[in-house]
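Quick note: residue numbers are just sequence positions, from 1. Any value given below was found using the heavy atoms of this structure, including those in side chains, with hydrogens, waters and symmetry copies removed.
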Amino acid sequence: MLECDLIMKGGVTSGVVYPNAIAEVAETYRLRDIGGTSAGAIGAVFASAAEYRRQTTAPGGDTMAGFKAIRSVAKELGTVMQSLFQPSPPFRTVFSIAMGFLDRSSSAGPVPPFLRPLLVGFWWQWSVALAAGIATGATGALSGNGWLLVATVLLGIIVCAALALGLVGLTLVKLVAKDLPKYDFGICSGLFQDNPTKPGFTDWIADKIDLIAGNVDSAGRPQTPLTVGQLLDQNIRVAAMTTDLSSGRPYQLPLKARLHLFSRTEFSDLFPERVVNALALEENRFETDTPGLPKDLYWLPVDRDFPVVLVARISLSLPGLIQAVPLYRFDDGVRTGPDGQAEIRRCLFSDGGISSNFPIHFFDALLPARPTFGISLGSWEQSRHGDERVVLPKLWKQSSNLPIRPIRGAVGFLFAILDAAKDWQDTLQSLLPGYAERIVEIRLDGDHEGGLNLNMGADVIAKLSELGTLAGKKLVTEFDFDEHRYRRALSLLPEVEESLEGFSAAYDAPRESAASGRTYQEILTEYEPKSYKGNSPQWRREVLDAFTNRLATIGRDAAIAQKAPGRRSVRKGETPAVEASLRLIAGTDRAPKDMG
């Protein structure tokens, strides 16, 4: 088979478009590296599980069984979508009210759908307010004075309304200020709350991964969770983004460095028992008697031992809706105790979309050997797009081609700030030649489809699933890999040439232009470093300096060719105008090493 990588964008319920898209691509391509964020991470783990099943199916077996199971997920979501999001007890009323506001299908009826939970959920607040209002109005009735009766009735109405708003407001303030932090800033844990026959989304995801992968016992029941190592044994890599809010940085999952601990009690509130049992192995037990720390800490398994379900769940923690995942690590900046040991502090891992909602940079190579397809989610506007809901661009776009969307009101202004801050890098990266033509965009009507529309009906979900089917077909039938490779090279190589030109200029700069009085060649070969002292003078001279000289030579030739009339350079050719530059950037999946 042909091979490809696949990346999917985050979007909560918008992920219903992914199952059929994945299955369509898998009819033609063997999936190698698969990644995403949030809902895209769920699609990624399902796709990796299906590919694992294909690679481990015995000869004569149904190699597409995993992908058939993925297609059935789309149909199943039509009946279970809303039940997957089960609020923790303190938030049930607020969740029901929010669902009522989202229920546009019945809001036009005589009774708005949010009214009943609003009245029932805050019954005692309304009762106290009503009693106070009646008591106030009754004083006028007892006086026998008509004017006083009218005045006290009006006053009673005002007292009733004011007291009701005040009591309900105080209840909401308590929920936000006290209860929400206690539940790590999410009203849904992901586990079932009352009825185990109605799983929460984490229960459901955990079981689906193993069922899709065929990782079950003789009775067809999931047991030990599928791990990243099992995928790697079949040349399958899965990745997702998450955001450690406490450290102010993103991570790429699975985690690769043994830095983090977890509390078994806290994880039992977030993950099914069989997952917690697989994580909380006795050899990973971390003994501590530090006051304020849980007594049931364990080292979190990393790399090959990382369960695949954690890749999805730690990436899927939409603030406010889904609880963040707590982990612990040593804070090297704070040392306590007589031995000077670093203090262990609690970190909250939240949604990957805070850092990168569409990590199209995953699995990137300077010159790709196989395509890395992207499935993106966009907004559909009838006036702008007509009936075109799925598009695979033939050409790239410049940033000036981005749609201009009006900003309405203070809330819209705040969301525009948030979206621009977190998405600008992904947005601009997706426009470049060598990127744009491998990203299929599925456009959704945000008022009724995807996003936070948790109460989408089966008909809407079926429609979105068909859009996913169309997206997969477009990638398989319309993508031209040779054209893609040519465009990628022509967008990359001029930037390489320009960067090497700047490299040679710095490398060749004379002593007098350097503040230290040393050239770069002297720095690399003669300077006595304060770090990395293990690098021998021979290695620095014969390897490091020789390599930089070769790079500088290319840069010098490029500089001459760029300036000299009649000389040819890469940048003088017919190359695309690219809004990009080469630079050393921090990675989110690199395991820390000793700094020496």
Side-chain angles (χ1 to χ4, degrees), residues 6 8-28 36 38-47 49-50 64-86 99-100 102-108 113 198-201 203-205 207-209 211-212 312 316 321 373-382 385-392 440-478:
L6 186 62
M8 287 159 279
K9 189 175 184 178
V12 197
T13 66
S14 304
V16 299
V17 303
Y18 293 136
N20 281 2
I22 292 167
E24 285 295 328
V25 172
E27 294 283 350
T28 302
S38 194
I42 299 174
V45 299
F46 285 176
M64 296 301 290
F67 294 104
K68 291 175 182 175
I70 284 184
R71 287 189 188 273
S72 70
V73 164
K75 297 177 182 178
E76 184 179 345
L77 284 171
T79 59
V80 304
M81 172 66 79
Q82 187 169 342
S83 68
L84 295 177
F85 293 86
Q86 301 178 24
M99 289 299 97
L102 289 173
D103 188 4
R104 296 176 177 85
S105 61
S106 58
S107 60
K198 291 187 175 182
F201 56 80
D203 301 306
W204 184 79
I205 292 168
D207 285 350
K208 284 299 175 187
I209 290 170
L211 290 170
I212 291 170
L316 180 71
L321 178 62
F373 293 131
I375 306 177
S376 182
L377 303 169
S379 297
W380 174 68
E381 301 175 38
Q382 177 77 52
H385 303 124
D387 294 328
E388 191 175 34
R389 300 288 299 271
V390 179
V391 60
L392 180 66
V440 63
E441 182 181 64
I442 303 174
R443 296 164 176 164
L444 306 180
D445 180 356
D447 290 337
H448 306 93
E449 301 169 347
L452 290 174
N453 291 293
L454 305 182
N455 54 356
M456 289 187 297
D459 55 336
V460 175
I461 292 176
K463 179 181 178 182
L464 296 185
S465 297
E466 287 307 308
L467 294 182
T469 300
L470 179 57
K473 289 183 182 297
K474 280 183 173 289
L475 288 173
V476 169
T477 60
E478 298 182 16

> Checking Thr13 side chain against Leu454 main chain: does a donor-acceptor pair fall under 3.5 Å?
Replying inline: no

> Is any side-chain heavy atom of Arg443 less than 4.5 Å from a side-chain heavy atom of Val390?
Replying inline: no

> Short question: side chain of Thr28, backbone of Val25 - any donor-acceptor pair under 3.5 Å?
Replying inline: no

> Does any N or O in the side chain of Trp380 come within less than 3.5 Å of the main-chain N or O of Gly446, such that one atom is a donor and the other an acceptor?
Replying inline: no

> Side chain of Lys9, backbone of Leu377: donor and acceptor closer than 3.5 Å?
Replying inline: yes

> Considering residues at least two apart in sequence or located in another chain, which fulfil the side chain to side chain donor-acceptor pair (under 3.5 Å) criterion with Thr469?
Replying inline: Asn20

>> Between Tyr18 and Ile70, does the side chain to side chain contact (heavy atoms under 4.5 Å, CB included) criterion hold? Intermediate values first, please.
In response: CA-CA 9 Å; Tyr18 293 136; Ile70 284 184; over 6 Å; no

> So which of Asn455, Asn453, Val16 actually passes side chain to side chain contact (heavy atoms under 4.5 Å, CB included) with Met81?
Replying inline: Val16

> Under the side chain to side chain contact (heavy atoms under 4.5 Å, CB included) criterion, do Phe67 and Ile212 qualify, and how do the steps go?
Replying inline: CA-CA 8 Å; Phe67 294 104; Ile212 291 170; over 6 Å; no

> Does a side-chain N-to-carboxylate-O contact under 4.0 Å join Lys473 and Glu478?
Replying inline: no

> Considering all heavy atoms of both residues, which atom of Gly43 and which atom of Ile22 are nearest to each other, and what is their separation?
Replying inline: O-CD1, 3.3 Å

>> To the closest 0.5 Å, what do you measure between CD1 (Ile375) and CD1 (Ile442)?
In response: 6.0 Å

>> Less than 4.0 angstrom from a charged side-chain N to a carboxylate O is my criterion; do Glu24 and Arg71 meet it?
In response: yes

> Taking Glu466 for the side chain and Val17 for the main chain, is one N or O donor matched with an acceptor at less than 3.5 Å?
Replying inline: no

> Any side-chain heavy-atom pair from Met456 and Leu464 closer than 4.5 angstrom?
Replying inline: yes

> Do the side chains of Ser14 and Leu444 get nearer than 4.5 Å, heavy atoms only?
Replying inline: yes

>> Can you tell me how far apart NZ (Lys208) and CD1 (Ile42) are? Round to the nearest 0.5 Å.
In response: 13.0 Å

>> side chain to side chain contact (heavy atoms under 4.5 Å, CB included) for Glu441 and Glu388? Distances and angles first, verdict last.
In response: CA-CA 10 Å; Glu441 182 181 64; Glu388 191 175 34; over 6 Å; no

>> Quick check: closest heavy atoms across Ala39 and Gly11, and the distance to 0.1 Å?
In response: CB-N, 3.8 Å

>> For Ser465 versus Ala74, what's the shortest heavy-atom pair and its separation?
In response: OG-CB, 3.4 Å

> Taking atom CD of Gln86 and atom CG of Asp203, what is their separation to the nearest 0.5 Å?
Replying inline: 7.5 Å

> At what distance, to the nearest 0.5 angstrom, does CD of Glu381 lie from CG of Asp445?
Replying inline: 10.0 Å

> Atom CG in Leu452, atom CG in Leu321: separation rounded to 0.5 Å?
Replying inline: 6.5 Å

> Which atoms form the tightest heavy-atom contact between Leu316 and Ser38, and what is the distance?
Replying inline: CD1-OG, 3.3 Å

>> Can a side-chain donor-acceptor contact be found between Glu76 and Trp204 if the only test is distance below 3.5 angstrom?
In response: yes

> Atom CG of Leu392 and atom CG of Leu470: how far apart are they, to the nearest 0.5 Å?
Replying inline: 10.5 Å

